[in-house]
Number of protein chains: 2
Amino acid sequence: MTTVALAEPKPYHHGDLRRALLMAAEAVLEREGPSALSLRAVAREAGVSPAAPYHHFKDKNELLNAVAMEGFAQLKQAMAAAIDRASAEEKRSSIGVAYVEFAQANPHLYRVMYDCARNGEALPENTDEADSAYELVKETITAAAGDQLSELDLELTCIASWCAAHGLAEMCNFAKFKPLKDLMGGERAFLQGVLDHLGVMSRIKTELR
Amino acid sequence: MTTVALAEPKPYHHGDLRRALLMAAEAVLEREGPSALSLRAVAREAGVSPAAPYHHFKDKNELLNAVAMEGFAQLKQAMAAAIDRASAEEKRSSIGVAYVEFAQANPHLYRVMYDCARNGEALPENTDEADSAYELVKETITAAAGDQLSELDLELTCIASWCAAHGLAEMCNFAKFKPLKDLMGGERAFLQGVLDHLGVMSRIKTELR
DNA sequence: GCACGGAACTGAACGCTGTCAAGATGATCT
DNA sequence: AGATCATCTTGACAGCGTTCAGTTCCGTGC
């Protein structure tokens with residue numbers, strides 16, 4: 001199912017190759033995984049020559065960054081939908097599960113997203129969408145507990161939540177967790193269980209003092 | 001500063017090329033980063049032909065896995081040292097900081113470690129060292145709070161701690177956190193602050209109920 | 001209605017990569 | 001000494017990212 005008209009005699013100028021390349025990239029990514037996501041493969045998928053993408057992206061890296069931004073936009077959307085679905089008191093909890101489940105549903109995309117994010121120092125603009133998704137988390141946490149936390153505590157709590165979610169997203173598919181998941185009755189219970197235990201240590205520390 | 005004898009007339013048989021390749025890989029990794037870590041570059045660094053590594057590793061991937069296992073061994077060592085240094089009540093806290101600081105001190109190695117770990121489904125043996133490091137965390141948490149937690153809670157707490165540490169390790173160098181770090185008076189304060197806030201949300205949730 | 005400037009695209013080329021088959025080398029065992 | 005066998009080299013292959021000279025076509029000014 002290609003996205004561009006096939007009947008026409010393949011016009012020399014593509015119309016919107018930039019968008020077509022992004023969709024081709026996501027198609028290749030989903031079908032063959034990150035290791036097969038070469039510039040040439042994307043160009044092939046879009047039906048253009050290997051050099052064509054260079055008129056729309058400086059680099060392979062710049063293409064990947066665009067894919068990553070698209071991914072962060074989707075992630076934000078998934079989290080927003082989860083918030084809408086959840087009852088007031090479950091909003092904060094459901095956003096974490098939604099985050100991890102998005103990563104599980106789009107493992108290849110998620111990988112590209114963070115490969116780009118880690119290299120992001122050199123590319124100041126590439127985190128716009130990531131920022132926007134982060135803000136969504138911040139709003140949710142503020143709504144749940146904003147009046148109980150200082151500005152600094154709020155920020156640190158958001159960062160801690162995001163880090164925990166990211167860590168879980170990257171590791172939740174490790175084979176070693178399989179038996180535990182079965183024991184707990186499924187993926188979602190496992191995810192919720194881990195997220196619920198983030199505070200256990202600090203609570204114990206508090207009690208001990 | 002090559003690691004193998006230079007004076008000798010370059011013996012055809014290398015002696016211990018496997019180890020030499022691992023050291024060469026870590027050297028290349030430190031000097032030029034993960035993107036430059038090609039099989040050929042490693043062979044070049046070790047002073048052998050591009051095909052030589054294939055007598056010691058099935059794949060490029062298998063070489064990277066070996067590097068990753070070495071990295072997990074070093075990580076375990078770093079955490080163990082931190083535990084030894086810390087007072088009894090700070091052991092659990094210091095292990096998290098040690099984890100993240102190891103990742104910051106060896107960013108390239110840490111990246112290879114988790115790139116391998118994520119692909120690990122196909123390679124059953126490659127997590128031995130990671131397992132061993134995980135066990136160290138489990139022992140520490142058990143020592144701190146074992147009697148207060150069920151077996152399941154203990155396991156979930158360990159996983160949650162590891163996930164949070166991993167997430168922080170991957171994200172703590174994001175440029176957006178720079179101002180906050182300065183405000184808090186340095187890297188270590190920031191790390192400790194984030195780790196200390198992991199439990200904030202669950203504590204608030206508890207209070208609200 | 002038409003030339004022309006410039007953007008979009010192609011095709012061929014460069015050096016790099018991972019991998020493999022065939023041959024050279026030298027340590028080891030009998 | 002001779003045979004064996006793992007080890008290492010040489011040379012080759014396809015595929016990669018990237019560049020560059022040329023081709024095609026769209027939009028604009030006349």
Side-chain angles (χ1 to χ4, degrees), chain A residues 2-6 8-25 28-29 31-68 108 112 115-116 119 122-123, chain B residues 2-6 8-25 28-29 31-68 108 112 115-116 119 122-123:
Chain A
T2 48
T3 57
V4 203
L6 285 175
E8 317 192 2
K10 202 188 180 190
Y12 194 92
H13 282 48
H14 186 285
D16 193 358
L17 184 55
R18 191 178 200 278
R19 189 173 309 273
L21 286 170
L22 286 179
M23 301 190 59
V28 171
L29 194 54
R31 181 164 14 97
E32 308 175 55
S35 64
L37 188 59
S38 63
L39 240 197
R40 291 176 110 105
V42 173
R44 228 176 292 137
E45 176 84 11
V48 295
S49 78
Y54 284 88
H55 292 267
H56 302 272
F57 302 96
K58 174 177 135 282
D59 249 351
K60 180 190 180 183
N61 230 308
E62 203 168 286
L63 202 181
L64 292 186
N65 278 329
V67 172
H108 301 327
V112 171
D115 281 353
C116 289
N119 298 338
L123 302 156
Chain B
T2 48
T3 58
V4 204
L6 285 175
E8 316 194 1
K10 202 189 179 190
Y12 194 91
H13 283 46
H14 185 286
D16 193 358
L17 183 55
R18 191 178 199 278
R19 188 173 311 274
L21 286 170
L22 286 179
M23 302 190 59
V28 172
L29 194 54
R31 182 168 7 101
E32 308 175 55
S35 65
L37 188 61
S38 63
L39 240 197
R40 291 177 110 104
V42 172
R44 231 175 289 137
E45 175 85 13
V48 294
S49 79
Y54 283 87
H55 291 269
H56 301 272
F57 301 95
K58 175 177 133 282
D59 249 350
K60 179 190 182 185
N61 230 308
E62 203 168 286
L63 202 181
L64 292 186
N65 278 330
V67 172
H108 300 326
V112 171
D115 281 353
C116 288
N119 298 338
L123 302 157

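Convention: sequence-line order gives letters A, B, ...; per-chain numbering from 1.
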So if I take every side-chain heavy atom of [X] and compare against [options], which nucleotide ends up nearest?
{"X": "His55(B)", "options": "dC16(D), dG18(C), dC8(D)", "answer": "dC8(D)"}
{"X": "Ala51(A)", "options": "dT9(D), dC20(D), dT19(C)", "answer": "dC20(D)"}
{"X": "Arg40(B)", "options": "dT17(C), dC9(C), dA13(C)", "answer": "dT17(C)"}

Tell me what Arg44(B) touches on the nucleic acid: a base, only sugar-phosphate, or nothing, going by heavy atoms under 4.0 Å. sugar-phosphate
Under 4.0 angstrom, heavy atoms only, what part of the nucleic acid is Ser49(B) near: base, sugar-phosphate, or nothing?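 The residue Ser49(B) makes base contact.
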For the pair made of [atom1] in [X] and [atom2] in [N], what is the distance, rounded to whole Å?
{"X": "Arg18(A)", "N": "dC9(C)", "atom1": "CZ", "atom2": "P", "value": "13 Å"}
{"X": "Asp16(A)", "N": "dA7(C)", "atom1": "CG", "atom2": "C1'", "value": "14 Å"}
{"X": "Leu63(A)", "N": "dG17(D)", "atom1": "CG", "atom2": "C1'", "value": "12 Å"}
{"X": "Phe57(A)", "N": "dT19(D)", "atom1": "CZ", "atom2": "P", "value": "16 Å"}
{"X": "Leu39(B)", "N": "dG15(D)", "atom1": "CG", "atom2": "C1'", "value": "16 Å"}
{"X": "Lys58(B)", "N": "dG18(C)", "atom1": "NZ", "atom2": "P", "value": "15 Å"}
{"X": "Tyr54(B)", "N": "dT17(C)", "atom1": "OH", "atom2": "P", "value": "12 Å"}
{"X": "Asp59(A)", "N": "dT19(D)", "atom1": "CG", "atom2": "P", "value": "8 Å"}

Nearest 0.5 Å please: distance from the CG atom of Leu17(A) over to the CZ atom of Phe57(A).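 These two atoms lie 8.0 Å from each other.
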Separation of Asn65(A) CG from Asp115(A) CG (nearest 0.5 Å): 10.5 Å
Closest non-hydrogen atom pair, [X] against [Y]:
{"X": "Ser49(B)", "Y": "Ala43(B)", "answer": "O-CB, 3.5 Å"}
{"X": "Ala68(A)", "Y": "Val112(A)", "answer": "CB-O, 4.2 Å"}
{"X": "Ala24(B)", "Y": "Glu45(B)", "answer": "CB-CG, 3.5 Å"}

State whether His56(A) places a side-chain N or O below 4.0 Å from either non-bridging phosphate oxygen (OP1 or OP2) of dC9(C).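 So the side chain of His56(A) is within the cut-off, an N or O lying under 4.0 Å from OP1 or OP2 of dC9(C).
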